[in-house]
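Working notes, beginning with the structure itself.
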Amino acid sequence: MSHEHSQQAEAQSHGGAQQTLLAGQPQEHPGPRVDLSPLKATLEKFPRRADQLLPLLRAVQELYGYLPREALDAVASHLKISRANVLGVATFYHHFSLVPQGRHKVCICRGTACHVRGSKDVLDSVCQSLGIEPGQTTPDLSFTVEEVMCLGACALAPLMVVDGAYYGKMDQRRALEILKQYKQEPQA
Amino acid sequence: MKTMRSPADLAAVKASQATEPNYRTIAVCSTGCLAVGAGTVAQAFEDEVRRRGIADKVRVARTGCHGLCEQGPVVIVHPERIFYPRVSVEAVPRIVEETGLRGEIARDLLYRDPATGEEYVHDYDVPFYSAQKRVVLRYNTDLEPLDLEGYIRWDGYAAAARALVEMSPEEVIEEIELSGLRGRGGAGFPTGTKWQICRQQPGDHKYVICNADEGDPGAFMDRSLLEGAPHAVIEGMIIAGYAVGANQGIIYVRTEYPIAVRHAARAIEQAREAGLLGQDILGSGFHFDITVHEGAGAFVCGEETALIASLEGRRGMPRPRPPFPAQKGYRGKPTVINNVETLANVPAIILNGHEWYAAIGTERSKGTKIFALAGKVNNTGLVEVPMGTTLRQIVFDIGGGVRNGKAFKAAQIGGPSGGCVPAQYLDTPIDYDSVRAIGTIMGSGGLIVLDEDTCMVDIARYFLEFTQRESCGKCVPCRIGTRRMLEILERITAGDGTLEDVERLERLALVVKKTSLCGLGQTAPNPVLSTLRYFRDEYDAHVVDKRCPAHYCRALITYRIMADACTGCTACARVCPVNAISGEPKQTHVIDQALCTRCGLCRATCKFEAIEVV
């Protein structure tokens, strides 16, 4: 676990090209330099079959916190499929990110129940407070804000999840208070 | 648990469990309620029991979703079934002492009906529960999801044993066909027929897939079932596998549901260790195993051919049918794909017989249906009712009516594929055919209550935003049509729409509906068509009067501070993110409309309700 974290931190500390880190779109991504040495062990856990692509991408994202372009190339050659194929799949599914993610991940549920109970206002307040758009990461890589289409806890709408901790029945004020706690956290 | 090799072994495990327990169980909802602190509460119960050394008298069970999420964290003390809502950590020692040890009722902690003030002791008396009929959800309030012995005590796996040992595959299919069970994923295709088609296909390699890719925003039935009763789903899959002649099962579950993923994976391991999955299950000669596959966040993967593409490691794009997956599915082999709730119904049908099942529900829609009741309703939560129950019963009797005394405007049924049902149809029985007649679909069971403050044009825009984003892009009508429809709706909600826009929207909706490749595109216009059908006046208000009757659309509203109510406390001015509010302390404040972004933060902050929306 700690190994994973250090990798993630390393990947993030190389963040030279800030304009690409800010861009929500994955197309342009020179990205930070990535240490590919831990990738080998992950690749070897997966048989060289095309149907292993999704689970493998998931494992790679767990390792780095996102999908570095160099890692995608390694995935393509491991599974013996084209790089275009890998990129096509990686960009199709919302779960995958081709740009580095913030240390804190704020997910705001935008399901129907949350929507009718004001989740758009919550989302806007959080984004405004961080100075980013939904789907983006702050330049210092501390926060990523994501819209999620329904976390299935509709009865507790509106819902916000920060680093896996669920906060139900949010409103703008409470959301900003919670965000403040994470902002004040001493940086690891 | 010892590996079971015959129905007799299974019966022995059940018999060893059957004695009346000499302890009480405190059941804490530990799935949905986690978002309101149930984890801490359950931990407090466990600590209290340990601290006092009374583990032989009081047990704590972390169960699945009890349903009444609004009152979470909810706790039921068994066997008396004493019900405590909104349990706090402070209440834990008292519940352990008074109810857990002594079996007494802690009156002040009981549930009181918000409307009538009446007090309820037992969960089954609370109106939210008493009007339900729980067939599929029966385990959720009583059993720990991963308590395999407990599940067996409740006749778990007895249906699988009967099917595999006493019945032929044809008899199983006939039983399901006669029961009238229809697919709970939304379309309502007869389950027995689907199995029959798959059974008839030649070849030894077949698959059973459990579709747990519950992507409809506003739906959480499948999540709650897989989290709360994973063994019931596994048992249903075993029976399905036996019926169609498949030896391999796959649960395709959303990655957004981490607890469901964990419970499904662990329950499969348990079943394997107990001999309920794997080779020669219970000595029947039938072998079957299951793997879990996580989705990666694509709504379209709930469509069965897209789901298969995703399983095969490709972009989740659908293909034209036929051939249907039951003929040519995963890896080109015959594949039965059933929804979680469908599969969880199967054991009960085999166990109790098709006559019992077919006696529940309406003529053409049998059994019960689980709804995820949410939105502007008092008792949000998970509701299981017989098919044919009216919307009024669900929203008012079970749901306790609309929140904050507001007026009911509509119920959105079926998520992005469904439509809005207005108040005049509150007495329509909810079954597959009746809901279709009023312009929506049963869908998987999301039921969102909308009140007078909900803008129906915005609801249509909201769903189009969703379907447009989730459109896989393969076919033109869906890829471009949903985009154009969304643009029109954005224009209308921004106050820039015209009457021609509304007409164009309607025409386009009909074209997209008729010409799209898969269910996503074919049903994406439904929210638009149904709101146009029942709430055209709201569209007209937006385009003609440039007014949002629900005071929701930001471009068409203004926030104003009411001078007589403002105390000049400065709270609003301090929270305004764009510094649009000015005023001296203790003086009436004013909003600069040119700067105001209508975020509503001031109104949420004001303690004196001095800010109005016009």
Side-chain angles (χ1 to χ4, degrees), chain A residues 49-58 61 79 81 85-86 88-96 107 109-118 120-122 124-125 128-129 146-157 159-161 164-176, chain B residues 32-36 69-70 72 214-220 222-224 254-258 293-299 310-317 331 372-376 380-382 412 415 446 448-451 454 459 462-463 466 469-470 472 575 577 597 599-601 604-605:
Chain A
R49 286 202 321 259
D51 65 358
Q52 296 296 306
L53 180 53
L54 275 146
L56 178 51
L57 287 178
R58 184 185 306 281
Q61 180 152 303
L79 298 179
I81 53 179
N85 192 343
V86 174
V89 168
T91 52
F92 185 85
Y93 295 95
H94 299 309
H95 181 68
F96 299 122
C107 294
C109 182
R110 294 283 293 128
T112 322
C114 289
H115 177 71
V116 300
R117 286 207 200 166
K120 182 88 173 80
D121 291 337
V122 174
D124 287 351
S125 297
Q128 191 154 32
S129 139
E146 269 188 10
E147 291 181 85
V148 190
M149 288 321 295
C150 201
L151 291 155
C154 312
L156 305 165
L159 196 72
M160 176 165 95
V161 181
Y166 284 64
Y167 300 96
K169 301 185 182 176
M170 279 294 104
D171 59 34
Q172 290 159 292
R173 291 193 54 187
R174 285 190 58 212
L176 292 179
Chain B
C33 287
L34 287 181
V36 285
C69 310
E70 183 68 33
E214 184 177 52
D216 288 22
F220 52 96
D222 296 348
R223 163 192 145 124
S224 301
R254 285 183 86 198
T255 190
E256 290 88 341
Y257 289 175
H293 191 103
E294 276 181 66
F299 172 67
S310 173
L311 276 180
E312 292 172 347
R314 291 181 282 125
R315 289 163 73 94
M317 289 164 122
R331 294 180 173 165
L373 186 61
K376 309 278 188 74
T380 53
L382 208 57
Q412 208 286 337
I448 313 278
V449 176
L450 310 175
D451 69 4
T454 314
I459 285 293
Y462 166 82
F463 280 116
F466 176 79
R469 180 177 1 180
E470 296 295 336
C472 78
V575 296
T597 58
C599 73
L601 200 51
T605 305

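To find a chain, count down the sequence lines: A is the first, B the second, and so on, and within it residues start at 1.
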Q. Can you tell which of B:C472, B:C599, B:G600, B:G316 has the highest number of heavy-atom pairs within less than 4.5 Å of chain A?
A. B:G316

Q) What part of B:I448 lies closer than 4.5 angstrom to a heavy atom of chain A: side chain, backbone, both or neither? A) side chain

Q) Is A:E147 salt-bridged to A:K120, going by a charged N under 4.0 Å from an acidic O? A) no

Q) Relative to chain A, which segment of B:A372 carries a heavy atom at a distance below 4.5 Å: side chain, backbone, both, or neither? A) neither

Q.
What part of A:L176 gets within 4.5 angstrom of chain B, counting heavy atoms only: side chain, backbone, both, or neither?
A. side chain

Q. Side chain, backbone, both or neither: which part of A:Q172 has a heavy atom under 4.5 Å from chain B?
A. both

**Q.** Residue part contacting chain B, namely of A:V161, when any heavy atom lies under 4.5 Å
**A.** neither

Q. Which bit of A:L159 is near chain B, if near means a heavy-atom gap under 4.5 Å: side chain, backbone, both or neither?
A. side chain

Q: Could you pull out all residues at least two apart from A:D171 that satisfy side chain to side chain donor-acceptor pair (under 3.5 Å)?
A: none

(Q) Out of B:L311, B:T605, B:V575, return the one with the most heavy atom pairs under 4.5 angstrom to chain A. (A) B:T605

(Q) On a heavy-atom basis, which atom in A:R117 and which in B:T380 lie closest, and how many Å separate them? (A) NH2-CG2, 2.9 Å

**Q.** Leading residue by heavy atom contact count with chain A [cutoff under 4.5 Å; candidates B:Y462, B:F299, B:F220]
**A.** B:Y462

Q: List in chain and number order the residues that pass side-chain contact (heavy atoms from CB on, under 4.5 Å) with B:A296, two or more places apart in sequence or in another chain; answer none if no residue qualifies.
A: A:L54, A:R58, A:Y93, A:H95, A:F96

Q. Taking every heavy-atom pair that is under 4.5 Å apart, which of B:D222, B:T454, B:T255, B:V36 has the most such pairs with chain A?
A. B:T255

Q: For chain A, find which of B:M317, B:E214, B:Q412, B:E312 contributes the most heavy-atom pairs closer than 4.5 angstrom.
A: B:E312

Q: Measure distances from B:S224 to the heavy atoms of chain A and classify the residue's part below 4.5 Å as side chain, backbone, both or neither.
A: neither

Q) What option among B:G381, B:G375, B:A374 has the most heavy-atom pairs under 4.5 Å with chain A? A) B:G375

